[in-house]
Amino acid sequence: MITFSRTSSLTNHIKSTHKTSPFHTFVPANDPSIALLKLLELSIEAHSLQLSHQSHARAHRVGLTRHPLIAQKLIFSYCKFKHPADAKLVFDSLLVKNTHICNTLLSGYGKNQLFLESFELFREMRVGSVFPLADDFTFSVIFKSVGDYGDVLCGEMVQGRGVKNGLVLDTVVGNSLMCMYGKCGCFDDALKVFNEMPHRNASSWNALISGYVKAGVGNAGDSFDGTRLWDLAKGMHSEGLRFDAFTVSILLSLCGGDGGSDECRHKYGYGRELHCYIVKNRLDLSSGLDSDVHLGSCLIDMYSKNGNVVVGKRVFDRLKGKNIFAWTSIINGYVHCGAFDEALFLFREMQWRDAMVPNKVSIVTILPACSSLAGLMGVKQIHGFAIRRELNHELSLCNALIDTYSKSGGLNYATQVFDYECINKDAISWSSIIFGYGLHGQGQNAVILFDKMLRNGFKPDTTVVIAVLSACSRSGLLNDGMRIYESVVTDYKIRPTAEMCSCMVDMLGRAGQINRAHDFIKQMDIEPGPSIWGALLCASAIHGNSEMQELAYKSLIQIEPENSSNYISLSNLYAASKRWDVVAEIRKGMRERGLKKLPGCSWISINNATHSFFVADKSHPCSDLIYTMLDALVLAMKLTCYNPDFVYSMEFLD
DNA sequence: ATAGGGTTAG
């Protein structure tokens, strides 16, 4: 039984349309269109496709399917519920199509990724057509679709029409045009629009800032010029516009640290300042408003990316109306700092206490915790969980499962997911399975899959190339690796990255071709970094080529003069051939630079307490007992013919 | 009715 309440906006709307409606003259008091509109509005609010269908049927019975408002609402709801074909049926049945209705279908096509249909309809909305003329709403909707489609040329053509009609002067249209350029990675074009806009609002600035972020991310060299970005944000302030929730959330996403560098600390400082800004400006986090949960999730993410999940948890605890995003953010925070028990606890709490239904993202997020705590069995459990919720065909989940299964020793399960569950594969699916085969020493299969991927029309990217090259390297498939490398560089115009090059050096080196590996380094376009010399070093150590080993160490010391482990290893190399004079010299060099060997540390968790140990560490309360046990173990090892090599460690026990 | 923000996978 549905009861209707008298609400403002809709009633007003109906009142205003009543004046022109042919229906009201006949049945003004109990106009069936009012009830139908209410029903449709309710179905949209309640996300009920069934209710929309019922309303549609009722509209048929009373002959109202061509009522402009009802048709518009039907089209809207069908598109929202991913039934664009039904929306099209309603649309086609209309004898007169107004701009509003066309815009609704246009936007619905966009929501359903039906870009070609959307462009087709847009093309019809011009002078001399049976369709109405495009207005400012049309343009903002079409720019959004063009942006999602990712075709700048198409966007420029649409912009041309917009300029002709004088519609790009509108602020919202201008903003959506900027967003379109941003999505296509054309920051300069977005900036041009921004500079030429007659009226700008906060959203214009937000579009500019997020456009800058999108254009900067992925460009390895000029990945993210922090200063310029914060200058942009300051420019917004000096134009008298305040940051709104959108601005803050974009900026917060840039405050995630990924290490302990100065730049990270800098970013973290900005992040905390933004948190203060939220509090000071009463972008309050505990009012339970939708936008506040949004900001809360951004904050949780920012804190956990900076290694401070505890503060993230405090933000989380204070959030009212926690949604799946907030829950996933905090769970992700705990997963990333390795607190798997806590993450799993929250994953359960989310469901039992907050009746939250995990989605594909939350399942992907919890997966590393399960594999870490319970190995292959844990991955299988999550997989089963996903199957019961019919989420097992989701691309990102499949990709995560392929990767985690193969890393947990379940290559056969990974293959099954790849072959039977992962219906629409992407570059990540292919590189995950190829990497998996490589990991399990099945280089030949990795090569077969790589070639199959190319035959299926996928262009290789650097990640998948690294996956297949490292597979070749591990399995000693020198010829295949060389062939693939040559092909991706010449046929697919992939510029060799440092990682790709170190795969090649590793591959040649492991195959015993140390000199060829060295020649490869010499002909590289890029400056050899630590990973490349490290690969050469490893290979020359395996094959006992101490001359090349020395060269690699010296190069490493040259490019990483502050990394003490290079000195230690070089010194160990000389110690092995009893060249104590050189050893002494190296250690003197280290002392002069003020470098110390970082002591190795190992630890074990027992009953939620972590016990850590350094070399020759006697500080543990049970130290005597532990060493007695250790001596007994060493003795037992020696008795079983294993002769542990203590030479290097003894050297540095002064 | 239109634009702009959040969690995940190699």
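Convention: sequence-line order gives letters A, B, ...; per-chain numbering from 1.
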Taking only the side-chain heavy atoms of [X] (C-beta and beyond), determine which of [options] contains the nearest atom.
X        : options             : answer
A:Ile250 : B:dT8, B:dA3, B:dG5 : B:dG5
A:Cys298 : B:dA9, B:dT7, B:dG6 : B:dG6
A:Asn206 : B:dG4, B:dT2, B:dA9 : B:dG4
A:Asp403 : B:dT2, B:dT7, B:dA9 : B:dA9
A:Asn359 : B:dT7, B:dG4, B:dA9 : B:dT7
A:Phe137 : B:dG4, B:dT2, B:dA9 : B:dT2
A:Asp244 : B:dA9, B:dT7, B:dG4 : B:dG4
A:Val172 : B:dT2, B:dA9, B:dT7 : B:dT2
A:Asn332 : B:dT8, B:dA9, B:dG5 : B:dT8
A:Ser176 : B:dG5, B:dA9, B:dA3 : B:dA3

Check whether the side chain of [X] and the base of [N] form a donor-acceptor pair under 3.5 Å.
X        : N     : value
A:Ser140 : B:dT2 : yes
A:Ser329 : B:dT7 : no
A:Ser203 : B:dA3 : yes

Quick one: [X] [atom1] to [N] [atom2], roughly how many Å, whole number?
X        : N     : atom1 : atom2 : value
A:Phe325 : B:dG5 : CZ    : P     : 12 Å
A:Ile366 : B:dT7 : CD1   : C1'   : 13 Å
A:Lys305 : B:dG6 : NZ    : P     : 11 Å
A:Leu121 : B:dA1 : CG    : P     : 19 Å
A:His336 : B:dT7 : NE2   : C1'   : 10 Å
A:Ile433 : B:dA9 : CD1   : C1'   : 14 Å
A:Trp430 : B:dA9 : CH2   : C1'   : 17 Å
A:His275 : B:dG6 : NE2   : P     : 18 Å

Select base, sugar-phosphate, or nothing to describe what [X] touches, counting heavy atoms under 4.0 Å on all strands.
X        : value
A:Lys183 : sugar-phosphate
A:Ser210 : nothing
A:Thr463 : base
A:Asp170 : nothing
A:Ala427 : base
A:Val248 : nothing

Geometric class of the A:Phe139/A:Phe143 ring pair [parallel <30°, tilted 30-60°, perpendicular >60°]: tilted

Contacts of type salt bridge (Lys or Arg N to Asp or Glu O under 4.0 Å), residue A:Glu349, not counting sequence neighbours: A:Arg353

Salt bridge (Lys or Arg N to Asp or Glu O under 4.0 Å): pairs with one or both residues in residues 295-304 of chain A, sequence neighbours excluded: A:Asp301-A:Lys305

Centroid distance under 5.5 Å and plane angle under 30°, A:Phe143 vs B:dA3: no

A:Asn103 backbone acceptor or donor facing A:Ser107 side chain under 3.5 Å: no

N/O (side chain, A:Lys425) to phosphate O (OP1/OP2, B:dG10) under 4.0 Å: no

Contact under 4.0 Å: A:Lys360 side-chain N or O vs B:dT7 OP1/OP2: no

Centroid separation A:Tyr413 to A:His383 less than 6.0 Å: no

Distance-only side-chain donor-acceptor flag, A:Asn175 / A:Asn201, under 3.5 Å: yes

Any donor-acceptor N or O pair under 3.5 Å, side chains A:Ser329, A:Asn332: no

